[in-house]
> 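Take a look at this one; I'll ask things after.
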2 protein chains.
Amino acid sequence: MKPLTTTSYAILGLLAIKPWTTYELAKQMELSLRNFWPRAERKLYEEPRKLVAHQLATVQRETVGKRPRSVYRITADGRQALRAWLDEPGAPASLEFEALIKVFFAEHGNKQQLLANLERIHTEATARAMIDAQWAQHYLATGGQFPQRMAVISLVGTLQAQLNQAILAWSGWARQLVDTWPEDLRTAPPARDSLELIARWTRHTTSETLNRQTGPVS
Amino acid sequence: MKPLTTTSYAILGLLAIKPWTTYELAKQMELSLRNFWPRAERKLYEEPRKLVAHQLATVQRETVGKRPRSVYRITADGRQALRAWLDEPGAPASLEFEALIKVFFAEHGNKQQLLANLERIHTEATARAMIDAQWAQHYLATGGQFPQRMAVISLVGTLQAQLNQAILAWSGWARQLVDTWPEDLRTAPPARDSLELIARWTRHTTSETLNRQTGPVS
DNA sequence: CCTCCTATACTGCCCTGGGCACTATCGGAC
DNA sequence: GTCCGATAGTGCCCAGGGCAGTATAGGAGG
């Protein structure tokens, strides 16, 4: 029997809200979890079956006219498994950001290319901020599809918006700074002020011993 | 001939700095790009060969005693290809954050479980902030292994640190807020203040600076 | 001098998950 | 009556993740 993955538990979490068809589950995953757990739609279709095999859900085969569909429902075991899963620490966060690689290797191109990449990041973050704003307005106005979930959703939505704001603020700052740099980026002055700020962030923390690990970039 | 991927260009970017052995390339990728382009070490060993096939790099087979090794070197075509790649827009950023799924579905568990998950996020972000601080101190003190790269590295490092700070601030805020919530999270009041702040981000794109250190809800 | 340990320098192999392509019916608009 | 988008999926290839394994180099310690 196929072992359950994080994606399985994400689906199980949705089933804990209400019963859904596989198609609806796939749509809902895309809608609400894409931003912190992106998965290929194709693979989501295999998850509910695994849940049934583990007796965490049941299927109900229906037909709409001639077309069949499967409605999945969480079981008591399923709710129990979900609660147990919430106790386990999750894997550390992981980010993929191709445009940042282009910033990282910008000295092998010219200043205009770096500015263009920063501009693209800024534009995307701006668009994203608009979407976040509309989302927040929608939730404030309607309370959302599942009002009992609004509290936790407001937490998660806040982090997403804050992360996007961080990218927006950074790209605006970086753009302005790079504007003052020479054409040959190898001779540009490093952002010392920013590094000094980062270097001071140890102060607000405990004197716990640190294992030697690497910082953001080496 | 295998097509080049983003990972290929990341390796090519490293080769544009200096020649490396495959082993060194793999180590360096892990060290410096893990945080925004994480890739399995195993697969990195296949990339330099692809670059040679495309004539963007050359190999030099050497031996250290009885042990063979391959040193890769970028070609003029390689530098050209790297510059061209810098012009193409990168794929949108993508985040995987399992602990956030647990926050998202927290209403199916109890308040203590949610607080524990927030605590874990906070602890990890705190540890990460210390690593970032040490990294910044190291760079300020030594200028790094490749001083001509310090300017671009300071940009990328700043974003990484800022993103971690956003998580740190958010998790601290969320922890305090959830503390005031009832046991049954379905009846908890949503973070309206925060949503209202996000909702307003449509209009003003204020001149954000690095010194903006406000938490999620200021 | 010998042993142990870690760093260097990779390769084999299985299988998960990403992603494109494809099928088919339903329901409402025009 | 026709067209289009939404509903409801399946088949299949292969890139990439990740575990395991091989072998030599070089320095530390006894």
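Each chain gets a letter, A, B and so on, in the order its sequence line appears, and its residues count up from 1.
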> Side chain of A:Val64 only, please: which of C:dT11, C:dC26, D:dG16 is the nearest?
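Looking only at heavy atoms from C-beta outward on A:Val64, the closest nucleotide is C:dC26.
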> Let's see if you can work this out: which of C:dT16, D:dG16, C:dT11 has an atom nearest to the side-chain heavy atoms of A:Lys2?
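Ranking C:dT16, D:dG16, C:dT11 by closest atom to the A:Lys2 side chain puts C:dT16 first.
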> Would you mind reading off the distance between B:Arg39 atom CZ and D:dG18 atom C1', rounded to a whole angstrom?
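For the pair B:Arg39 CZ and D:dG18 C1', the rounded distance is 14 Å.
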> To the nearest Å, give me how far apart CZ (B:Arg61) and C1' (C:dT8) are.
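So the two atoms are 16 Å apart, to the nearest Å.
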> With a cut-off of 6.0 Å (strictly less than), are more than 12 heavy atoms of other residues, nucleotides or ligands near NZ of A:Lys18?
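More than 12 heavy atoms, drawn from other residues, nucleotides or ligands, come within 6.0 Å of this atom.
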> Quick one: A:Lys66 NZ to D:dG9 C1', roughly how many Å, whole number?
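Atom-to-atom, A:Lys66 to D:dG9, this comes out as 18 Å.
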> More than 12 heavy atoms of other residues, nucleotides or ligands under 6.0 Å from CD of B:Gln112: is that the case?
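Yes, CD of B:Gln112 has more than 12 neighbouring heavy atoms, counting only those of other groups under 6.0 Å.
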> A:Arg42 CZ to D:dC14 P: how many Å, rounded?
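Taking atom P of D:dC14 as the reference, CZ of A:Arg42 is at 16 Å.
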> Return the polar atom pairs (N/O with N/O) between nucleotides 3-7 of chain D and the protein under 3.5 Å, or none.
residue: D:dT7; atom: OP2; partner: A:Tyr23; partner atom: OH; Å: 3.0
residue: D:dT7; atom: O2; partner: A:Arg67; partner atom: NH1; Å: 2.4

> Figure out the OH/C1' separation between B:Tyr45 and D:dG16, and round it to whole Å.
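Rounding to the nearest Å, OH of B:Tyr45 and C1' of D:dG16 are 16 Å apart.
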> Calculate the interatomic distance between A:Leu44 atom CG and C:dT16 atom P; express it in whole Å.
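So the two atoms are 16 Å apart, to the nearest Å.
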> Assess the side chains of A:Thr6 and B:Glu98: does a donor N or O sit below 3.5 Å from an acceptor N or O?
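Yes.
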> Send over the distance from A:Lys43 NZ to C:dC15 P, rounded to a whole Å.
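It is 14 Å, rounded to the nearest whole Å.
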> B:Glu24 CD to C:dT8 C1': how many Å, rounded?
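My rounded result for the distance is 9 Å.
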